[in-house]
Amino acid sequence: MTSEDKRNWKPATAMVHAGTMRSGFGETSEALYLTQGYVYDTAEGAEARFKGEEPGFIYSRYANPTVAMFEARMCELEGAEEARATASGMAAVAAALLCSVKAGDHIVAARALFGSCRWVVETLMPRYGIEATLVDGRDLGEWKAAMRPTTKLLFLESPTNPTLEVVDIAAVAEIANEAGARLVVDNVFATPMQQKPLALGAHVVVYSATKHIDGQGRCLGGVVLSDRKWIDEEFHDYFRHTGPSLSPFNAWTLLKGLETLPLRVTQQTRSAARIADHLAGHSAVARVIYPGRKDHPQADIVARQMSGGSTLICFDVKGGKEGAFAFLNALDIVKISNNLGDAKSLVTHPATTTHKNLTDEAREAVGIGGGTLRLSVGLEDADDLIDDIDRALAKAG
Ligand SMILES: *Cc1c(COP(=O)(O)O)cnc(C)c1O
């Protein structure tokens with residue numbers, strides 16, 4: 001077996017080569033090791049491997065060569081020491097949060113969270129005696145005021161779903177450090193190409209690899225990245241014994257996704273920036289929120305902590321829900337879907353789908369109205385997308 005070691009590659013090179021372990025056959029593409037377990041030449045060999053005295057794989061719930069290649073490539077991209085891949089983004093989030101708290105501990109989280117993340121923090125955790133306080137992530141005063149002596153974890157996503165609010169990651173990391181707590185960042189919306197939470201001071205980064213990392217609508221996956229100490233001491237046993245592991249087949253698919261991630265995110269962001277500017281100048285559009293535009297409410301923080309714009313745009317069409325539905329139903333190329341980060345452009349009406357379970361007040365607090373739409377820009381030609389959007393806006397108006 002030969003492996004491709006870190007060589008200070010730029011992301012585009014690393015995403016094609018980093019982490020590759022070649023078998024004796026010298027295959028070009030990463031091998032797919034569809035196996036549950038491993039066999040040992042001798043009883044002594046099995047004993048040594050279980051004692052950790054000999055390197056090697058034991059059982060695919062713990063580790064698998066194809067999954068290990070995906071984890072190594074993600075570490076390279078994120079600048080993390082260790083990673084564990086999971087069966088979905090939610091498996092990554094739930095594991096990263098649950099592994100480091102116990103009854104009596106307290107969590108502070110930004111309230112503008114992906115729906116299932118919010119359920120874990122707000123509904124699941126309290127069942128086990130872990131209290132959570134939700135704050136306006138943009139307001140550092142609220143983070144500080146929510147801290148208690150028992151606060152062990154801070155959790156946020158930035159930019160947020162769906163209104164693309166931005167949280168000052170470095171400032172929240174400082175609040176966590178002062179309290180001896182850990183900051184977990186869900187970096188799905190920014191993608192690893194546009195924001196590096198660990199470099200900004202976060203302790204743990206989680207992804208739904210289902211989104212941009214696959215990017216082609218094929219499989220679910222997730223990943224948790226951090227320093228070696230945290231993975232070894234806090235995460236490792238939880239992961240081994242609760243089994244949120246990623247399937248080798250999905251790891252292989254995600255490895256192929258990583259090969260084109262830099263190209264895809266660059267192109268999708270370029271198209272999204274053009275479409276955001278176009279929407280901002282359109283008379284049927286009431287509001288556009290796009291990280292990367294000068295009129296983003298937190299443009300200064302975007303400039304500090306993100307390297308690009310976003311592949312996502314949040315905008316309001318005039319005419320509330322009725323206007324939004326007329327627009328959605330008139331689209332041809334852009335598909336109605338709650339997914340994002342795909343090669344296909346996808347649009348969501350959060351108030352009636354992803355965020356329908358929030359109360360009216362909670363929806364209002366995170367800026368979701370009847371006319372609010374979230375557009376995930378795909379790989380189609382931007383001119384075709386703009387034509388499609390214009391045609392649909394004309395029908396809606
Ligand atoms: C999709 C998503 C998740 C959950 O990921 P799954 O792969 O669907 O489990 C978590 N956080 C954010 C921000 C997401 O967009």
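Whatever order the structure lists ligands and atoms in, that order sets their numbers, starting from 1. Because the structure is predicted, anything quoted here is derived from the model rather than measured. In what follows, every heavy atom counts, from backbone to side chain, and hydrogens, waters and symmetry copies are set aside.
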Undergrad: Could you tell me whether D41 atom CG has more than 12 heavy atoms of other residues or ligands within 6.0 Å of it?
TA: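 At most 12 heavy atoms, drawn from other residues, nucleotides or ligands, come within 6.0 Å of this atom.
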
Undergrad: What is the distance from atom OH of Y40 to atom CD1 of I58, rounded to the nearest 0.5 Å?
TA: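 Here the rounded value is 5.5 Å.
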
Undergrad: For a quick test of your reading: what N or O donor-acceptor pairs under 3.5 Å do the side chains of residues 196-209 make, sequence neighbours left out?
TA:
{"residue": "K196", "atom": "NZ", "partner": "L77", "partner atom": "O", "Å": "2.7"}
{"residue": "K196", "atom": "NZ", "partner": "P192", "partner atom": "O", "Å": "2.8"}
{"residue": "H203", "atom": "ND1", "partner": "L183", "partner atom": "N", "Å": "2.8"}
{"residue": "H203", "atom": "NE2", "partner": "N177", "partner atom": "OD1", "Å": "2.9"}
{"residue": "Y207", "atom": "OH", "partner": "E78", "partner atom": "OE1", "Å": "2.7"}
{"residue": "Y207", "atom": "OH", "partner": "E78", "partner atom": "OE2", "Å": "3.3"}
{"residue": "Y207", "atom": "OH", "partner": "N187", "partner atom": "ND2", "Å": "2.8"}
{"residue": "S208", "atom": "OG", "partner": "T210", "partner atom": "N", "Å": "3.4"}
{"residue": "S208", "atom": "OG", "partner": "T210", "partner atom": "OG1", "Å": "3.2"}

Undergrad: Enumerate, one pair per line, all nitrogen or oxygen atoms of ligand 1 lying under 3.5 Å from a protein nitrogen or oxygen, stating the separation to 0.1 Å; write 'none' if no such pair exists.
TA:
{"residue": "ligand 1", "atom": "5 (O)", "partner": "S208", "partner atom": "OG", "Å": "3.0"}
{"residue": "ligand 1", "atom": "7 (O)", "partner": "G89", "partner atom": "N", "Å": "2.8"}
{"residue": "ligand 1", "atom": "7 (O)", "partner": "S208", "partner atom": "OG", "Å": "2.8"}
{"residue": "ligand 1", "atom": "7 (O)", "partner": "T210", "partner atom": "OG1", "Å": "2.6"}
{"residue": "ligand 1", "atom": "9 (O)", "partner": "G89", "partner atom": "N", "Å": "3.1"}
{"residue": "ligand 1", "atom": "9 (O)", "partner": "M90", "partner atom": "N", "Å": "2.8"}
{"residue": "ligand 1", "atom": "11 (N)", "partner": "D186", "partner atom": "OD2", "Å": "2.6"}
{"residue": "ligand 1", "atom": "15 (O)", "partner": "K211", "partner atom": "NZ", "Å": "2.8"}

Undergrad: Who pairs with Y290 by ring-ring contact (aromatic ring centres under 6.0 Å, His included), at least two apart in sequence or on another chain?
TA: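 Residues passing ring-ring contact (aromatic ring centres under 6.0 Å, His included) with Y290: none at all.
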
Undergrad: Taking side-chain hydrogen bond (donor to acceptor under 3.5 Å, both in side chains) as the test, write out the residues that go with K256, two or more places apart.
TA: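 Testing K256 for side-chain hydrogen bond (donor to acceptor under 3.5 Å, both in side chains), a comparison that skips the adjacent residues, returns S29, E30, E259.
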
Undergrad: Would you check if I313 and R374 make a side-chain contact, meaning some heavy-atom pair closer than 4.5 Å?
TA: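 A side-chain contact under 4.5 Å is absent here.
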
